[in-house]
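In listed order, ligands and their atoms are each counted from 1.
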Amino acid sequence: MSRDDGDDGNTGYGRRAFKRSKAHFADRVTADGRDGWPVEAGRYRLVVSRACPWASRSLVSRRLLGLEDSLSLAVADPIQDDRSWRFTLDEDGRDPVLGIRFLSEAYDRRESDYPGGVSVPALVDVPSGRLVTNDYQQLTLDLATEWTALHREGAPDLYPDALRDEIDEVMADVYEDVNNGVYRAGFATGQEEYEAACTGVFRRLELLAERLERQRYLVGETITEADIRLFTTLVRFDAVYHGHFKCNRWKLTENQVLWAYVRDLYQTPGFGDTVDFDHIKRHYYQVHTGINPTRVVPLGPDLSGWLTPHHREELGGRPFGDGTPPGPVRAGERIPAAHTP
Ligand SMILES: N[C@@H](CCC(=O)N[C@@H](CS)C(=O)NCC(=O)O)C(=O)O
């Protein structure tokens, strides 16, 4: 992400509007390997921060599609230092598979003196240690449509052909006003810029709530990529966007429809079991020192409500279509109990 003066958006506060930079490395891993990166079990490593909403999309997709055995996972420390994402959660501060201490090393192997920012999610080629892509928008679509040979039995179709136009349309609005809208509000340096972004966030959330009052999921009657993308912002809403990013017209818990919708997803295997509220809160409140110079992390909100009944099954819907929910989270990838409701 960046402001349009090229700063990294987390700490740079020029007088210009927050603008997200385009992903720089946009190679695709495909079934036919047309960019030189064929889908192959065990070849790639997905590097994420569990704090990051863009990376969290790929965490959910990987679980729902059952790609854990084929696509290994590296989780970065939620707090970057001046060399960006680092593997300080691992023994000796090194990712055990890639053998690197900083994600930037994989970027450097791909392109030395790469001038852009180092971002997650990142897909890294294990044999060469080179970054393949950091294009988070395409990554999950490719996991859903190109990695099918490695999907688990019973994996859902997250991007069904017949519904793609509608899914794309919903995702475009969700991206502009919600996924990125909260960032534009949070990093605004002027009153007007903030008000426009914040108004847009809540206007869109109200429209989405109207839609979701009648149907369990955003498009069709099953979980799709559109739900994953809305989920990753909603699950962070009260914890960080409401306070830290000043999106505080109301809390998610005050909106009956959206609160039930996000709890429904949270309680669905593959969604909530990827969420680490501790990483989320510490990242936002400690890294964005421009908007929280004390780096103090608030104690709330109370998380106990996340596991309460949502009653959304009364709307019908078939979460996994003809498929089945994913199995339990593998050992080593479970979120510590202290970081969950
Ligand atoms: N790659 C995308 C989106 C991914 C993204 O913004 N990830 C954030 C974390 S939520 C990141 O890694 N930012 C770089 C940093 O904070 O050092 C972009 O360049 O805008």
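Here the side chain of Asn180 pairs no donor or acceptor atom with the backbone of Arg184 at under 3.5 angstrom.
Residue His283 places no N or O, backbone or side chain, under 3.5 Å from any N or O of ligand 1. In terms of N/O distances under 3.5 Å, ligand 1 is approached by Val120. Considering both main-chain and side-chain atoms, Gln80 comes within under 3.5 Å of ligand 1 through a nitrogen or oxygen pair.
Relative ring orientation between Tyr183 and Tyr284 is described as tilted, the plane-to-plane angle lying within the 30° to 60° band. Ring geometry, Phe245 versus His288: the interplanar angle falls under 30°, so the pair is classed parallel (tilted spans 30 to 60°). Ring geometry for Phe277 against Trp306 counts as tilted: the plane angle lies between 30° and 60°, on a 0 to 90° scale.
Considering CZ of Phe102 and CD1 of Ile100, their distance stands at 10.0 Å, rounded to 0.5 Å.
In this structure, Ser84 counts as a contact residue of ligand 1, since one of its heavy atoms falls inside 4.0 Å of the ligand.
Atom numbering of ligand 1 starts at 1 in the shown order; those under 4.0 Å from a heavy atom of Cys52 are 7 (N), 9 (C), 10 (S). Of all atoms in ligand 1, numbered sequentially from 1 with element shown, those under 4.0 Å from a heavy atom of Asn134 are 1 (N). Atoms of ligand 1 lying under 4.0 Å from at least one heavy atom of Tyr136, given by number and element, are 1 (N), 2 (C), 3 (C). Shown in contact with Val118 at under 4.0 Å from a heavy atom are these atoms of ligand 1, numbered in order with element: 12 (O), 14 (C), 15 (C), 17 (O).
A donor-acceptor pair shorter than 3.5 Å can be found between the side chains of Asp227 and Tyr261.
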